[in-house]
Number of protein chains: 2
Amino acid sequence: MDGDVIRHGSREAATGPLHRGTNQSGMRAHNERLVLSLVRQHGSLAKSDIARMTGLSAQTVSVIMRELEADGLLVRQAPVRGRIGQPSVPMALDPDGAFFIGLKIGRRSAELVLIDFLGSVRSMLHHSYRYPTTGETVAFVATGLKELRSGLDARQNGRIAGLGIAMPFELWNWIDAAGAPREVMDAWRHCDIRAEIQALCDFPVHLQNDATSACGAEMVFGQAASLRDFVYFYIGAFAGGGIVLDGRLYGGRTGNAGALGSMPVPGPDGRPTQLIDRASIAVLERTLAARGIEASHLWTSPQDWGDIGPELDAWIADAADALAYAIVAASSVIDFEAAVIDGWMPTAVRRRLVEAVAKAVGRIDAEGLKLPVVREGTVGIHARALGGASLPLSERFLLGATALTGATHMEESRPS
Amino acid sequence: MDGDVIRHGSREAATGPLHRGTNQSGMRAHNERLVLSLVRQHGSLAKSDIARMTGLSAQTVSVIMRELEADGLLVRQAPVRGRIGQPSVPMALDPDGAFFIGLKIGRRSAELVLIDFLGSVRSMLHHSYRYPTTGETVAFVATGLKELRSGLDARQNGRIAGLGIAMPFELWNWIDAAGAPREVMDAWRHCDIRAEIQALCDFPVHLQNDATSACGAEMVFGQAASLRDFVYFYIGAFAGGGIVLDGRLYGGRTGNAGALGSMPVPGPDGRPTQLIDRASIAVLERTLAARGIEASHLWTSPQDWGDIGPELDAWIADAADALAYAIVAASSVIDFEAAVIDGWMPTAVRRRLVEAVAKAVGRIDAEGLKLPVVREGTVGIHARALGGASLPLSERFLLGATALTGATHMEESRPS
DNA sequence: TCAATAATAAATAAGAGTGATTTATTTATT
DNA sequence: AATAAATAAATCACTCTTATTTATTATTGA
């Protein structure tokens, strides 16, 4: 039918906070998402592969995938010959199948990113400030959206599936630390930023914790896709985290799951402190500032910090100890398969940090636990913005999705 | 049709470790479990209530509930008059709808319990020992099963839906601490106790971590049913825990989620130790033994410890501090709604402990977190055995169930 | 070596079966 | 008369089963 338009909105009222019954359209929706999730995970799959993997009949898979192809979400690739029997026709995601926009609102800058159905970045915009304000942010999004959309043709524009905002939990509680006036802080507290941005868009707008979003990006676009569950740390100006359970991003009832920055860890004097006070880039900046070293390039040049010297070594050592402790504590709550660490830092620093964490984990008493492997993140500095964009992607097209994440978006009723 | 027999076995091969498609029978199964879960949670509900709550059509609910009634799982109660319109007929769980057996294997004793569909204990058997052995345990179950079943008539006997074993994770790693010979330890390591007991039963046998099981009992039978998620501590000879997420018991990929006894907490000298070293009854026993006080009644008389004196006060204070710390750490991983504490102790001690924990939580820096309320468990000392029995109940009749818990049971193919 | 045939696997059309929904009706109450 | 619960009958959507078509490789026999 009309493969040129993506319809927004939920299939049902979805009012119930708890338990919903299932019907046929729910069943079909589930199976469609399952197919898309598997194709995304494996790059491309033939209908017969999907049938084997899902336990669905070949005919059912045939019907579903033909429809997804007609909808412009899947494209058939060159038949694979060389095996007995009719050659199989692998099907892959159509990069132009859908587009998603991610917005990261951070302490020093905002980012707006447009990605395609494969997660490739089509364009990206930056906006720097000393501290974020609601008005400026909305204005940035308004002009930014126009610019992003101008790079898409009419068909592509019609296939934007949503926008996701990645923003720190209760931004207003730390904004003053950035030297912002009190009014600015209060403006954030009382502003429904999601609604403001929703007013600029004809597609659904979602909002989620920034570190949880980064975790979502790692799950959907990163190499962590093969992991069933992992705990994720994003080390930015502050430290935050995310949780993936059974292939689903778990945002938590209040949207504050994975608040790993607030994890109590032993402090320098033996008394407990919070992870954020030992493993955040703000700590490194403060150390450098105390030595009289100008450190603004930590924020402006995350790909290359240049030569920092012994302060960096000390920071890595201390942050790694704290992270290791947090990983063990988290593993006693959930038996994670892996701990993934990423952040606003050069990849070389990230690698050193992860190596140090892996060593430090081994020094902690973990009797009775099966410790997760410690891994580097694979998405990198833009994980939060990409994670924002991954929100509508997960919500619409992937299994499990963000039903439990506390993510919110505006409901529309389906046309017809 | 045949409402006198409970059929065991899964609807499909269920081989796939990851992603399965859904079909109509899966849809119906889901909706049936949903109905049973809601009725259990609310005591009794009319068909029209269920329709409103689930979003299913009245007709669908009518069909499903009539079938559940014919299957002997639901019973209709007295019509409710006094409101406009036809009186509604509430339906409740039939106590004789199904029976479940729970087996707890502990450090000093085993328990076997038979419960009905409502969770009421129909009979209970104890077996004490200095340390558990595989042979003695199987023999206890063999004779115990006969005894339990002899109290049921033929129809009831046919409606036993399963047996759940609640046993410490890797029992053999701490059995020697109980003074057991090495052979006994190795026997547990190499024995598939689930299979041994399965051989005695014509219904499925499940196995799960004992503290996770206790948590399941609290979720299914306790007053925590209204909570969407909580973290649970069971303070026995050792300390363990369980996790409930979105109404589901989360056992974890390896079955070791909620290993809260291994949570690192600050030790007396400031250096980290494990929760189990501060908040377990073994610690209290050791303290008493060091004072020359005979303390075996801690194990044998959990309803009443008599007068212990200042050692108990000190233990409560220290255990509460450690538990508070663990609760805050757990809350930075998952934004739990509540922390529930239960254990092998008199209710008066439990109350004092919980009060002390609630106070201690307030003394910990928890910026950036929304702390859970601290609550007493409502199931009590037999939570582990009851939790074992709750396993087949959840598995067969409740939503979400234990698909993620690492619980295992034998598959049978459905007849015809 | 080359054609003919067998075996295998992918894909799908047609029809059957299942379960939820819609619509209309009955019943019991205020 | 209005309202609400309950359900029968008809309809609709989706998956499953069965049978068929198609494309390929493997095997056989001259």
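Per chain, numbering begins at 1; letters A, B, ... match sequence-line order.
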Does R83(A) put a side-chain nitrogen or oxygen below 4.0 Å from OP1 or OP2 of dA26(D)? no
List for me each residue that meets salt bridge (Lys or Arg N to Asp or Glu O under 4.0 Å) alongside R28(A), sequence neighbours excluded, and say none if there are none. E32(A), E67(A)
List for me each residue that meets salt bridge (Lys or Arg N to Asp or Glu O under 4.0 Å) alongside R83(B), sequence neighbours excluded, and say none if there are none. none
By side-chain contact (heavy atoms from CB on, under 4.5 Å), R76(B) pairs with (sequence neighbours left out) K47(B), E69(B), V89(B), M91(B)
Touch class at under 4.0 angstrom, heavy-atom based, for R76(A) against every strand present: nothing
Side-chain donor-acceptor contacts of residues 57-66 of chain A below 3.5 Å, not counting sequence neighbours, with atom names and distances?
from	atom 1	to	atom 2	distance (Å)
S57(A)	OG	T60(A)	N	3.1
S57(A)	OG	T60(A)	OG1	2.9
S62(A)	OG	R66(A)	NH2	3.2

Which residues pass the side chain to side chain donor-acceptor pair (under 3.5 Å) test with E337(B), sequence neighbours left out? none
Where protein sits on nucleotides 13-20 of chain C, one letter per nucleotide: B base, S sugar-phosphate only, - none, heavy atoms under 4.0 Å: BB--BBBS
With a cut-off of 6.0 Å (strictly less than), are more than 12 heavy atoms of other residues, nucleotides or ligands near CD of Q77(A)? yes
Output the rounded distance in Å from CG (L45(A)) to C1' (dA10(C)). 15 Å
Partner set under side chain to side chain donor-acceptor pair (under 3.5 Å) for Q24(B), not counting sequence neighbours: none
Listed once per pair and sorted, the salt bridge (charged side-chain N to carboxylate O under 4.0 Å, His left out) pairs that draw on residues 84-95 of chain A, sequence neighbours left out: none
Any chance you could encode DNA chain C as dot-bracket? Rule is Watson-Crick or G-U wobble with both distances under 3.5 Å; [ ] for pairs crossing earlier ones, | for another strand. ||||||||||||||||||||||||||||||
Could you tell me which residues satisfy side chain to side chain donor-acceptor pair (under 3.5 Å) with N31(B), sequence neighbours excluded, listed by chain and number? none
How long is the line joining CD of E67(A) and P of dA13(D), in whole Å? 12 Å
For F117(B), all residues meeting ring pair (Phe, Tyr, Trp, His ring centres under 6.0 Å), sequence neighbours excluded: F397(B)
P87(A) or A58(A), whichever maps to the more 5' nucleotide of DNA chain D: A58(A)
Among dT30(C), dT12(C), dA26(D), the nucleotide that comes nearest once only the side chain of S62(A) is considered: dT12(C)
Between D229(A) and R253(B) (salt bridge meaning N to carboxylate O under 4.0 Å), is one present in this structure? yes
Can you check nucleotides 24-27 of chain C for protein contacts, nitrogen or oxygen pairs under 3.5 Å, and list what you find?
from	atom 1	to	atom 2	distance (Å)
dT27(C)	O2	Q86(B)	OE1	2.2

Using whole Å, what does the distance between atom P of nucleotide dA11(C) and atom CD of E69(A) come to? 11 Å
